[in-house]
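Below is one structure; the comments refer to it alone.
Start at 1 and go down the list; that is how both ligands and their atoms are numbered. Everything numeric in this text was worked out from a predicted model, so none of it was measured. Numbering of residues begins at 1 and proceeds along the displayed sequence. Computed over heavy atoms, backbone and side chain alike; hydrogens, waters and symmetry mates excluded.
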Amino acid sequence: MAGVMAVLWAGALILVVTSVKVVADNIGVNWGTMTSHPLHPRIVVQLLKDNGFEKVKLFDSDPWMVGYLAGTGIEVMLGIPNDQLEFLSQDYGNAKDWVKENCTSHLRKGGVNIKYVAVGNEPFLTSYKGRFLKTTFPALKNIQKALNEAGLGNKIKAVVPQNADVYESKSDKPSDGVFRRDVKAVMAQIVRFLKENGAPFVVNIYPFISLTMNSKFPSDFAFFDGGHPIQDDNIQYNNVFEANFDTLIYALKDLGTPNLTILVGEVGWPTDGHKKANKNSAKKFYDGLFKVLASKKGTPLRPGEMDVYLFGLFDEDTKSIEPGNFERHWGIFDFDGKPKFTMDISGKGGDKHLVAAKGVKYLPKQWCVLESYASNQDLIGQQTGWACARSDCTALQDGASCSNLDPDRTVSYAFNSYYQMNNQDEDACDFEGLATVVSKDPSTMSCRFNTQIKVDGATRLSFAQGAVAAISSSLTLFFLL
Ligand SMILES: *[C@@H]1O[C@H](CO)[C@@H](O)[C@H](O)[C@H]1NC(C)=O
Ligand SMILES: *[C@@H]1O[C@H](CO)[C@@H](O)[C@H](O)[C@H]1NC(C)=O
């Protein structure tokens, strides 16, 4: 009897353990930090654990931040920003030092489970105009060589995440897929090198961008529920994600490496800053994606399980908005680690919320708004533009969540954004006497006026660079009343 009980107990335990695991092990997530108020890495790592994410992809390798992943078992893709490619390509010694400080030092017992080093991020984007064309491959080679020499080559692979714009199909049919002419020669070298090293090809695929860049693009083809299929010989494609993925396979075939393993380094849908970016369409996209991933059917050319990293964890209010105002709204969580909409990563279509970040501390519940009786009203336009250039007004743009505010509240939104960005500093709510601090939340049904989170000194120091980049990039935003 005791034996039977023990067996039953063991069975029950296994049941409990498997039902806790909510994220399949082929789904990871991108953790970007281009934000004015980053969550502490301790909180983020707990969030990953609470939600069962076992893989994370980073855009940098800040040893302080990476250290918080030690002992978690979470598989990590470290990142090397594009601006370090030249340095790492110039001299093998630089790559050796990089590996020593950013890999080897984390690998003690119970250390960080590093699996990949991403050398650059989308370095061949057309908008970079070839700036990283010469340095990317040498940097990749140097990093992999340094990994090999440190005895890590079998465990850690160097990769280069590419945007899907490195390949194209003139006919829209996957079978006409080829790499872009200006990158084809270097891509041929890279894919051969990846193959020799047993490293995967990492590609970022964005159906949202396909949809918004081309006004004729059929909306339902961006999602996963059929409609407007593409017929490619005897294969039918029902969504752009799979069609895009297989276009890459044809492009790889063209270079003689049809069997290279492919990881989807980024996939997701933004929730604001564009009329097609909202929580409903994001939920629809993710529901479809998770169903496809759970079915393990893969794509017509590559059946089976697919490895993807969702993009991304949080909204990042200091990202460049050059690609569009949606760029700061890719998070499956809000800036403060609250889930934005229900999603069932297991693909079963349940209406569950992800587990929110724990231990987040907020600034006081107060907001900076336009003083309706202020005298120098003629300065309103100029002051609003000034505030927006130094904060985040992407939610005010056409089709975004705050685009329908009345004129006074629109100004308040801009003032408050600047005030919160500056940690509710008293001086940050003046605007030539036009503004005042209130304790009544000015949010509306669709438009949220944030109060920012408290960031401790260590986090601020470590992420200070992101904030600087923000100011310069948001200067391109002109706000005219
Ligand atoms: C390790 O990575 C960090 C973050 O990117 C970088 O600043 C640092 O220079 C790297 N270390 C070395 C020795 O290259
Ligand atoms: C790719 O894989 C298929 C199926 O395993 C095999 O028949 C083919 O020879 C491989 N091609 C190359 C170029 O390795």
Side-chain angles (χ1 to χ4, degrees), residues 30-34 38 41 56-70 76-107 111-112 114 116-123 132 135-136 138-147 149-150 152 156 158-161 175 177 179 187-188 190-201 245-246 248-262 298-305 458-469:
N30 283 275
W31 174 5
T33 53
M34 296 294 282
V56 70
K57 178 168 167 287
L58 310 177
F59 293 91
D60 207 339
S61 304
D62 177 350
W64 174 76
M65 178 172 144
V66 173
Y68 282 90
L69 287 156
V76 181
M77 186 184 296
L78 297 175
I80 297 178
N82 291 337
D83 61 11
Q84 294 178 29
L85 291 177
E86 189 174 352
F87 178 72
L88 293 169
S89 69
Q90 273 165 356
D91 179 1
Y92 173 59
N94 296 341
K96 243 167 93 166
D97 292 344
W98 194 96
V99 165
K100 194 165 164 220
E101 183 181 49
N102 288 316
C103 294
T104 314
S105 70
H106 291 300
L107 296 179
V112 183
I114 301 169
Y116 301 106
V117 176
V119 182
N121 183 44
E122 305 186 334
F132 306 109
T135 47
T136 302
L140 173 73
K141 281 194 292 189
N142 280 343
I143 289 290
Q144 187 66 58
K145 184 173 163 201
L147 288 166
E149 216 167 88
L152 305 172
I156 307 180
V159 296
V160 184
S175 56
F179 282 97
M187 286 310 302
I190 289 177
V191 298
R192 211 172 308 134
F193 186 79
L194 294 173
K195 187 182 164 202
E196 280 164 17
N197 280 292
F201 190 97
F245 190 96
D246 280 3
L248 168 61
I249 293 183
Y250 276 104
L252 288 170
K253 203 183 242 176
D254 183 44
L255 295 183
T257 56
N259 294 344
L260 205 54
T261 306
I262 298 171
T299 70
L301 290 196
R302 192 62 74 82
E305 198 163 89
T459 316
R460 181 159 313 170
L461 259 180
S462 184
F463 292 96
Q465 278 194 320
V468 176

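- Contacts of Gln84 with ligand 1, taken as heavy-atom pairs under 4.0 Å, involve the side chain alone.
- Counting protein heavy atoms under 4.0 angstrom from atom 7 (O) of ligand 2 gives zero.
- Listed here is the closest heavy atom pair of Val119 and Pro161: N-CD, 4.4 Å.
- A pairwise comparison of heavy atoms in Met77 and Val159 identifies SD-CG2, 4.3 Å as the closest pair.
- A 4.5 Å side-chain heavy-atom check between Val160 and Leu194 finds every atom pair outside the cut-off.
- Near Asp97, meaning under 4.0 Å from any of its heavy atoms, are these atoms of ligand 1: 13 (C).
- Those atoms of ligand 2 with a heavy atom of Asn259 less than 4.0 angstrom away are 1 (C), 2 (O), 3 (C), 8 (C), 10 (C), 11 (N), 12 (C), 14 (O).
- At a threshold of 4.5 Å between non-hydrogen side-chain atoms, the residues Leu301 and Tyr250 count as touching.
- Atom 9 (O) of ligand 1 has its closest protein heavy atom at Glu101 OE1, 4.4 Å.
- The two atoms that bring Phe59 and Trp31 nearest to each other are CD1-O, 3.9 Å, heavy atoms only.
- Asp254 is not listed as a side-chain neighbour of Phe179, based on a closest heavy-atom distance of 4.5 Å or more.
- Looking at atom 5 (O) of ligand 1, its nearest protein heavy atom turns out to be Asp60 OD1, 2.4 Å.
- Taking a distance limit of 4.0 Å, we find that atom 11 (N) of ligand 2 is approached by some protein heavy atom.
- Closest to atom 14 (O) of ligand 1 among all protein heavy atoms lies Trp98 CD1, 3.4 Å.
- Scanning the protein heavy atoms around atom 3 (C) of ligand 1, the nearest turns out to be Asn102 ND2, 3.7 Å.
- A cation-pi contact links Lys145 to Tyr92, judged by a cut-off of 6.0 Å to the six-membered ring centre and 45° from its axis.
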